[in-house]
Asks: 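Below is the structure I would like to discuss, written out as C-alpha cells.
Quick note: residue numbers are just sequence positions, from 1.
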Amino acid sequence: MHTTMDTMTNDAPLDTNTREAAPRSSPTATARYAKCIEVSQRVRWDIERDVIRGRRFDFDQKFLPDGLSRVPDLAFLRPAEARFLSQIQGRTYANMFALVERFIGAKVIELSRDHGLGDQVAFEALVRLTDEELKHQALFRRLDAMAAAGMPEGYRFVPEPNVVASAVLAKSTWAVLGLVLDIELFSQAHYRSSIAPDPDLSALWKDVFLFHWKEESQHAIVDELEWRRCDATLTAEERERGVDDLIALVADVDGTVQLQARADADYFLRCAGRAFSAAEQDAVHDTLKKAYRWQYIVTGVQEPRFAEVLQALVTPGQLDRIGRALAPIVAHVAS
C-alpha cells in the first residue's frame, strides 16, 4: 500500500486574498450543478419498491466483501464464523453511513441558503442532495432492523448520531466539506472496487449499495463544487484553521471507529459459539481496528480525486501536516 499524500505536490501559488462575499456560481459550475439535477431525476429510486422489493437478508452469505472486512486475515476462523464477522461489519457499515449522512444533510441544507436568492440551479442541486441523504438514512435504519432480525442479540452501535453530528458541525465549513467529500468518494470506491465484483455477497446487500452509489456519484460533484466555493472566500489564516479542523475531524473519526471496532469484536467473540485463545482474541480486535481504519479513513484519503482537490486548495506545508497526521493510521493499516 502506498503511503498517504506522499506523492502530492503543489506547484501553483496560493491566492491568499480575502474575498468578502461568496462568489456567484460560474457558468461552468452552474452547468455541473445542472448535470447533477438531471442525473438525480433519472436515477431516482424508492426504498421499498426498487431496493428492498419484499426481500430479507440471506444469512448464508456475506455482507461486506473481503477487501473491506479484512476477515481473511483471521485464518483461524471457520467459514461460518468468517461469514458472521462480515455480517457484523456490514451492519456497522450501514449504521456508519446513516450517521455521517445526518451531518452531511444538515451541512448541505445550511449551504443551500447561500444560493437561495441566487443561482437557482445550484439551490435545487443542494436541496435534492439533502432529500436523498434523508432517504439514505431511512434506508440504513431499515437495514439495521432487518439485520437485527437474523443476528444474535447484543449488537451495539456505539456512536450517538446527534452528538457526533453536532461535534462535526461545530468545525469550520471548509473542514466539514473536506471530510464530506472524502466520505462521498470512498463510498463510491468501495462499491466499484469491492462490493460490485464480489459474487459471494447477499444479493439484497449488493442492491442496497448499487442504488446508494447511483445517487452518491452526484453528491461528490456537488461536494467538490461547494468546497471550492467555500475555499475561494477564505484568508490564509482561515484556511490554516480549516486545516487544523480537518486534522481534528480525522482524529475524531479514528476515535469513533476504534470504539465501534472494539464493540464489534467483543460482540463477535461473545456470539461465535466457541472459545478463542488470548492471541486469537487480540487478532480479532486488531483486525477490526485495521478494517475500520481502512474503510472509513485510508480508502478515502488515498482516493486520487480527493488528493487532487485537496492539493489544489492547500499549501505544500499544510499538505505535509495532513500527511503526517495520517501517517500512524496508514502505517497500522499496512502492518
Asks: Please step through side chain to side chain contact (heavy atoms under 4.5 Å, CB included) for the pair Phe84 and Arg78, ending with a clear verdict.
Replies: CA-CA 10 Å; Phe84 177 49; Arg78 299 165 183 168; over 6 Å; no
Asks: With a 4.5 Å cut-off on side-chain heavy-atom distances among I, L, V, M, F, W and Y, is there a chain of contacts connecting Leu210 to Phe186?
Replies: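 They do share one cluster, since a chain of ILVMFWY contacts under 4.5 Å joins Leu210 to Phe186.
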Asks: Verify, without hydrogens or angle tests, whether Glu133 (side chain) and Thr130 (backbone) share a donor-acceptor contact under 3.5 angstrom.
Replies: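 Flag not set: sc Glu133 to bb Thr130 has no pair under 3.5 Å.
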Asks: Spell out, as yes or no, whether a donor-acceptor pair under 3.5 Å connects the side chain of Glu160 to the backbone of Asn162.
Replies: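 Yes, Glu160 side chain to Asn162 backbone: donor-acceptor pair under 3.5 Å.
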Asks: Which heavy atom in Cys230 sits nearest to a heavy atom in Thr173, and how many Å separate them?
Replies: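 Of all heavy-atom pairs spanning Cys230 and Thr173, the closest is SG-CG2, 4.0 Å.
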Asks: Between Arg321 and Val314, is there a side-chain heavy-atom distance shorter than 4.5 Å?
Replies: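 No, too far: nothing below the 4.5 Å cut-off.
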Asks: Determine, using the 4.5 Å side-chain heavy-atom cutoff (strictly less than), whether Phe306 and Val253 are members of one ILVMFWY cluster.
Replies: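 Yes; tracing contacts between hydrophobic side chains, which count when under 4.5 Å, links both residues.
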Asks: Looking at side-chain heavy atoms only, is the closest gap between Lys290 and Ser335 below 4.5 Å?
Replies: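 Yes. Closest side-chain heavy atoms under 4.5 Å.
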Asks: Treating Ile, Leu, Val, Met, Phe, Trp and Tyr as nodes and any side-chain heavy-atom pair under 4.5 angstrom as an edge, say whether Phe157 and Val164 lie in one connected cluster.
Replies: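 Yes: a chain of side-chain contacts under 4.5 Å links Phe157 to Val164.
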Asks: Just checking, any donor-acceptor pair under 3.5 angstrom between side chains of Ser172 and Asp245?
Replies: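 Indeed, the side chains of Ser172 and Asp245 share at least one donor-acceptor pair under 3.5 Å.
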Asks: Taking all atoms of both residues into account, what is the closest heavy-atom pair of Val176 and Val168, and its distance?
Replies: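 Residues Val176 and Val168, closest heavy atoms: CG2-O, 3.4 Å.
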Asks: Could you give the distance from NZ (Lys289) to CD1 (Ile329), rounded to the nearest 0.5 Å?
Replies: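 The distance works out to 9.5 Å.
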Asks: For Gln61, does its backbone N or O pair with a side-chain atom of Gln87 as donor and acceptor, under 3.5 Å?
Replies: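 A pair under 3.5 Å: yes.
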Asks: Can you check whether Asp46's main-chain N or O pairs, donor with acceptor, with Asp50's side chain at less than 3.5 Å?
Replies: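 Between the backbone of Asp46 and the side chain of Asp50 there is a qualifying donor-acceptor contact (under 3.5 Å).
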Asks: Which atom names give the shortest non-hydrogen contact between Ile247 and Ala325, and what distance separates them?
Replies: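 Closest approach of Ile247 to Ala325: CG2-CB, 3.7 Å.
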Asks: In sequence, state the C-alpha distance, the side-chain angles, and the governing distance for Arg156 and Asp264, and then conclude on salt bridge (charged side-chain N to carboxylate O under 4.0 Å, His left out).
Replies: CA-CA 8 Å; Arg156 231 173 21 104; Asp264 286 354; over 6 Å; no
Asks: Let's go through Glu226 and Tyr33 carefully: what are the C-alpha distance in whole Å and the side-chain angles of both, what is the deciding distance for side-chain hydrogen bond (donor to acceptor under 3.5 Å, both in side chains) to 0.1 Å, and is it a yes or a no?
Replies: CA-CA 10 Å; Glu226 289 297 303; Tyr33 286 117; 2.4 Å; yes
Asks: Less than 4.0 Å between a side-chain N and a carboxylate O, is that true for Asp198 and Lys62?
Replies: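 Counted as a salt bridge, because a side-chain N and a carboxylate O are separated by less than 4.0 Å.
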Asks: Between Glu38 and Arg42, is the closest basic N to carboxylate O distance under 4.0 Å?
Replies: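 So Arg42 pairs with Glu38 through a salt bridge.
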Asks: With the threshold set at 4.0 Å, does a side-chain nitrogen-carboxylate oxygen contact exist between Arg229 and Asp119?
Replies: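 No salt bridge links Arg229 with Asp119.
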Asks: Does a side-chain N-to-carboxylate-O contact under 4.0 Å join Arg324 and Asp320?
Replies: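 Yes, this pair counts.
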Asks: Are Gln260 and Met96 close enough that some pair of their side-chain heavy atoms sits under 4.5 Å apart?
Replies: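 They are in contact (side-chain heavy atoms under 4.5 Å apart), so the answer is yes.
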Asks: Does Lys135 qualify as a cation-pi partner of Trp45, given the criterion of NZ or CZ under 6.0 Å from the six-membered ring centre and within 45 degrees of its axis?
Replies: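 That pair qualifies as a cation-pi contact.
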Asks: If every non-hydrogen atom of Ala175 is compared with every non-hydrogen atom of Gly242, which pair is closest and at what distance?
Replies: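 Nearest pair, atom of Ala175 first, then Gly242: CB-O, 3.5 Å.
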Asks: So do the side chains of Trp227 and Val180 get within less than 4.5 Å of each other, counting heavy atoms only?
Replies: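 No, their side chains stay 4.5 Å or more apart.
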Asks: Under the 3.5 angstrom rule, does the side chain of Gln120 hit a backbone N or O of Gly116 as a donor-acceptor pair?
Replies: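 Checking the backbone N and O of Gly116 against the side chain of Gln120, a donor-acceptor pair under 3.5 Å is found.
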Asks: Answer yes or no: is there a donor N or O on one side and an acceptor on the other, between the side chain of Lys171 and the main chain of Leu246, under 3.5 Å?
Replies: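 A pair under 3.5 Å: no.
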Asks: Going by an N to O cut-off under 4.0 Å, is there a salt bridge joining Glu81 and Arg274?
Replies: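 Answer for the salt bridge query: yes.
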Asks: Any side-chain donor-acceptor pair under 3.5 Å between Glu215 and Ser40?
Replies: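 No, because no side-chain N or O of Glu215 sits under 3.5 Å from a partner of the opposite role on Ser40.
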Asks: Can you confirm whether Gln41 is buried at CD, in the sense that more than 12 heavy atoms of other residues, nucleotides or ligands lie under 6.0 Å from that atom?
Replies: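 More than 12 within 6.0 Å, yes.
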Asks: Please test Tyr191 against Gln188 for side chain to side chain contact (heavy atoms under 4.5 Å, CB included), starting from the C-alpha separation and ending with a verdict.
Replies: CA-CA 5 Å; Tyr191 178 75; Gln188 295 175 62; 5.9 Å; no
Asks: Find out whether Tyr292 and Ile297 are in side-chain contact, i.e. whether some heavy atom of one side chain is under 4.5 Å from a heavy atom of the other.
Replies: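 No, their side chains stay 4.5 Å or more apart.
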Asks: State the CD1-OH distance between Ile88 and Tyr267, to the nearest 0.5 angstrom.
Replies: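 If we round to the nearest 0.5 Å, Ile88:CD1 and Tyr267:OH are 5.5 Å apart.
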Asks: Do the side chains of Val39 and Leu225 join up, straight or via other hydrophobic residues, at under 4.5 Å, putting them in one cluster?
Replies: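 No, it is not one cluster - the side chains of Val39 and Leu225 are not joined through contacts under 4.5 Å.
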Asks: Decide salt bridge (charged side-chain N to carboxylate O under 4.0 Å, His left out) for Glu237 and Arg241; before the verdict, give the C-alpha distance in whole Å, the side-chain angles of both, and the deciding distance to 0.1 Å.
Replies: CA-CA 6 Å; Glu237 292 75 17; Arg241 288 195 294 272; over 6 Å; no
Asks: Go through it in stages, so that I can follow the logic: the residues are Leu129 and Asp223, the test is side chain to side chain contact (heavy atoms under 4.5 Å, CB included), and I'd like the CA-CA distance, side-chain angles, deciding distance and then a yes or no.
Replies: CA-CA 10 Å; Leu129 188 159; Asp223 298 334; 4.1 Å; yes
Asks: Return yes when atom CZ of Arg56 has more than 12 non-hydrogen atoms of other residues, nucleotides or ligands closer than 6.0 Å, and no otherwise.
Replies: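 12 or below, so no.
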Asks: Can Arg53 and Glu48 be counted as an ion pair, charged N to O under 4.0 angstrom?
Replies: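 No, this pair does not count.
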Asks: On a heavy-atom basis, which atom in Ala82 and which in Leu77 lie closest, and how many Å separate them?
Replies: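 Closest approach of Ala82 to Leu77, heavy atoms only: CA-CD1, 4.1 Å.
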Asks: Step by step, work out the side chain to side chain contact (heavy atoms under 4.5 Å, CB included) result for Phe63 and Tyr93.
Replies: CA-CA 10 Å; Phe63 289 0; Tyr93 192 75; over 6 Å; no
Asks: Are side-chain heavy atoms of Val250 and Asp254 found at a separation under 4.5 Å?
Replies: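 No, side chains not in contact.
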Asks: Can you tell me how far CG of Asp66 sits from CG of Asp200, rounded to the nearest 0.5 angstrom?
Replies: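 Answer rounded to 0.5 Å: 8.0 Å.
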Asks: Atom CG in Asp207, atom CD1 in Ile52: separation rounded to 0.5 Å?
Replies: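 Here the rounded value is 9.0 Å.
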Asks: Do you reckon Val284 sits in the same ILVMFWY cluster as Phe276, going by side-chain contacts under 4.5 Å, direct or chained?
Replies: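 Looking at the clustering, Phe276 is in the same group as Val284.
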Asks: Does any part of the side chain of Ser187, heavy atoms only, come nearer than 4.5 Å to the side chain of His190, both counted from C-beta?
Replies: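 The answer is no; the side chains never approach within 4.5 Å.
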Asks: If we ignore hydrogens and angles and just use 3.5 Å, is the side chain of Glu238 paired with the main-chain N or O of Thr235 as donor and acceptor?
Replies: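 Present.
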Asks: Say you draw a straight line from CG of Asp58 to OG of Ser202; how long is it, rounded to the nearest 0.5 Å?
Replies: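 Separation between the atoms: 6.0 Å.
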Asks: When you compare the side chain of Glu224 with that of Arg32, does any pair of heavy atoms fall below 4.5 Å?
Replies: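 Contact flag for Arg32/Glu224 side chains = yes.
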Asks: Could you check whether His285 and Arg262, counting side-chain N and O atoms only, form a donor-acceptor pair closer than 3.5 Å?
Replies: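 No pair is found: no donor N or O on one side chain lies under 3.5 Å from an acceptor on the other.
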Asks: Can you see which heavy atom on Ser69 is nearest to which on Ala291, and at what distance?
Replies: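 What the structure gives for the nearest pair is O-CB, 3.4 Å.
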Asks: Can you check whether Arg91's main-chain N or O pairs, donor with acceptor, with Asn95's side chain at less than 3.5 Å?
Replies: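 Judged by distance alone, yes, a pair lies under 3.5 Å.
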Asks: Name the residue from His219, Gln137, His212 that meets the side chain to side chain donor-acceptor pair (under 3.5 Å) definition with Glu101.
Replies: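 With Glu101 as partner, side chain to side chain donor-acceptor pair (under 3.5 Å) holds for just one option, His212.
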Asks: Scan side-chain atoms only and decide if Thr92 and Tyr155 contain a donor-acceptor pair under the 3.5 Å cut-off.
Replies: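 There is such a pair between these side chains.
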Asks: Going from CD on Glu240 to CG on Leu234, what distance comes out if it is rounded to the nearest 0.5 angstrom?
Replies: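 It is 12.0 Å, given to the nearest 0.5 Å.
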Asks: Using distance alone, with no hydrogens and no angle criterion, decide if Gln295 and Gln89 have a side-chain donor and acceptor under 3.5 Å apart.
Replies: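 A donor-acceptor contact under 3.5 Å links the two side chains.
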